[in-house]
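For reference, the structure is listed below as structure tokens.
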There are 2 protein chains.
Amino acid sequence: MGARLAAMAALLADETRAAFCLALLDGRAWTASELARHAGVAASTTSEHLGRLVEGGLLAEERQGRHRYVRLADPEIAHLIEDLAGHAVPAGTGPAEGGPRTLRAASASNALARGRTCYDHLAGRLGISITEAMTERGLLRQDTGFALTDEGLRWFGEQGMALTGQRTRRPLVRGCLDWTERRPHLAGTAGALLCRHAFDAGWCVRIGSGRAVKVTPGGERALAELLGISPETLR
Amino acid sequence: MGARLAAMAALLADETRAAFCLALLDGRAWTASELARHAGVAASTTSEHLGRLVEGGLLAEERQGRHRYVRLADPEIAHLIEDLAGHAVPAGTGPAEGGPRTLRAASASNALARGRTCYDHLAGRLGISITEAMTERGLLRQDTGFALTDEGLRWFGEQGMALTGQRTRRPLVRGCLDWTERRPHLAGTAGALLCRHAFDAGWCVRIGSGRAVKVTPGGERALAELLGISPETLR
DNA sequence: GACGACGTTCGGTCGTGGCCGAAGTGGGTG
DNA sequence: CACCCACTTCGGCCACGACCGAACGTCGTC
């Protein structure tokens, strides 16, 4: 048993592999060479790492022609990595210690804190604001755990998001610790659905190629109207 | 960021350290020499490992005379390790592959599957039975997340367990994936309280020095009466 | 005050694993 | 068909870290 645990942890215990996994937390599939460039290692090194990660069940791969696409094997894995990363930030990792060194990095980190995707749902101030607003409006209950109320269930239906008939092993909702806000945000099937809805409805758009997202003017209006979120809290 | 994650994972990536952490999942404090004997390594080696684990924030230590007691730093950490260990079991780890080799080990593993503590709450068939029974009786809701209902809140009060006034950052209830049953059982403050109540009321007792627990005849009666759990499901 | 148990520090050995470059494979393209 | 590019395999290098035994505090006990 200890050996299993150690083997699992060892997969993430290398800085390069950790960088791969963090990059893959954007929920998309990356090619081997993209990851190699991202982490700054040789293609051969990347190949070995990906082999280990796939064999260990952390990553799923899909070959397409001469490309090897990899993505996180499943939402559980994504959650596990987020969780681990959340605990890896020991103390005040504000702008003080360990913070960004360059202006460019600082602005990128600001954008991430404002809003980002966390695998397949929304995180950062955006994700937290939505979660808190839903809680205040009685759609979500956080005082005795983390679950939608019946009203919340109805609300999802009204927005055109069908939560029923999802017969997967994945929980409908779960809390996911936000490592910038230090509070849980909405994850699980419902969180993923909401995130997709937000993109489809044009509430937010991705900034560049990373995980950061930006709320559009239309999104600000919709969030204010539906959940009473004031645009200021999102900035 | 990747470096942080890797450093965190590296703490658990060694078989000896993993064995330490799994042992400490019983929620108690162990001395350095106990852990050394348990893992089969020299005292000097143990000392180094404990130093790293404490420095990394996984363990808390307490010196008493010539003893160094260590325990898991906090319930969050315990949950993280359980979670990681849960995902480290890849496929059917029933009696088939990777199962116990000796008769003694098989019986110990049976006892663990029947009932055990998971840090500070109940797990195994015992923990699952309680969780499921509470769900069926409308005390707990698992369909839209994982949270106590108002009835459930009242139920805790009636049993003499005060959930109110717990002003900690720890959630009142959370689901914890049971790695023998593959379903969530009740954790969080409420889970810990219920576990303590079960011991105090004599519903169950520890078997030997490990994590395994046994339900007493009185406990069977109480669980049947309060939650409608038939004694057969616990065996 | 001497002894014994618990823990720590230090020096040294050894294996594992991360890394690269070079050579090889195989799919897509001109 | 020839070429290019994405990826893989192999050999070799190097560093890190897990481990132990021996020597050294330090606390409790006889």
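Values below: every heavy atom of this structure, side chains too, minus hydrogens, waters and symmetry copies. A, B, ... follow the sequence lines: proteins, then strands. Residue 1 opens every chain.
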**Prompt:** Does B:Thr45 have a side-chain nitrogen or oxygen under 4.0 Å from the phosphate oxygens OP1 or OP2 of D:dA18?
**Reply:** no
**Message:** How many whole angstroms separate atom CZ of B:Arg17 from atom C1' of D:dC16?
**Reply:** 12 Å
**Residue whose closest nucleotide on DNA chain C lies nearer the 5' end, A:Ala42 versus A:Gly65** = A:Ala42
**Complete:** Of the listed C:dG18, C:dT8, D:dC7, the closest approach to the A:Ala32 side chain comes from D:dC7
**Asked** Can you tell which of C:dC19, D:dA18, D:dC27 lies closest to the side chain of B:Asp14?
**Response** D:dA18
**Prompt:** Is it true that A:Asp26 and A:Arg71 make a salt bridge, defined as a side-chain N closer than 4.0 Å to a carboxylate O?
**Reply:** no
**Charged tip of A:Arg116 within 45° of A:Trp179 ring normal and under 6.0 Å** = yes
**Message:** Between B:Glu34 and B:Arg28, does any side-chain N to carboxylate O distance fall below 4.0 Å?
**Reply:** no
**Message:** I'd like to know if A:Arg66 reaches the base of D:dC7 with its side chain, counting only an N/O donor and acceptor under 3.5 Å.
**Reply:** no
**Fill in**
Picking from D:dC7, D:dG28, C:dC20, the nucleotide nearest the side-chain atoms of A:Thr31 would be D:dC7
**Asked** Does A:Glu61 come within less than 4.0 Å of A:Arg63, counting only side-chain N to carboxylate O?
**Response** yes
**Prompt:** C:dG18, C:dC19, D:dT8: which one has an atom nearest the side-chain heavy atoms of A:Ala43?
**Reply:** D:dT8
**Item:** Short side-chain N/O contact from A:Ser44 to OP1 or OP2 of C:dC19, under 4.0 Å
**Value:** no
**Request:** Look at all strands and tell whether A:Thr46 reaches a base, only sugar-phosphate, or nothing, counting heavy atoms closer than 4.0 Å.
**Result:** nothing
**Prompt:** Which one, D:dA18, D:dC7, C:dG7, comes nearest to the side chain of A:His67?
**Reply:** D:dC7
**Asked** Which of these nucleotides, C:dT9, D:dG11, D:dC7, is closest to any side-chain atom of A:Arg63?
**Response** D:dC7
**Prompt:** Is the distance from OP1 or OP2 of D:dT9 to the nearest side-chain N or O of A:Ser47 less than 4.0 Å?
**Reply:** no
**Message:** Between B:Glu220 and B:Arg235, does the salt bridge (charged side-chain N to carboxylate O under 4.0 Å, His left out) criterion hold? Intermediate values first, please.
**Reply:** CA-CA 11 Å; B:Glu220 287 189 352; B:Arg235 287 166 190 157; 2.9 Å; yes
**Request:** From the options C:dC19, C:dG17, D:dC20, select the nucleotide whose nearest atom is closest to the side chain of A:Val41.
**Result:** C:dC19
**Message:** Can you work out whether B:Glu34 or B:Glu48 has the more 5'-proximal nearest nucleotide on DNA chain C?
**Reply:** B:Glu34
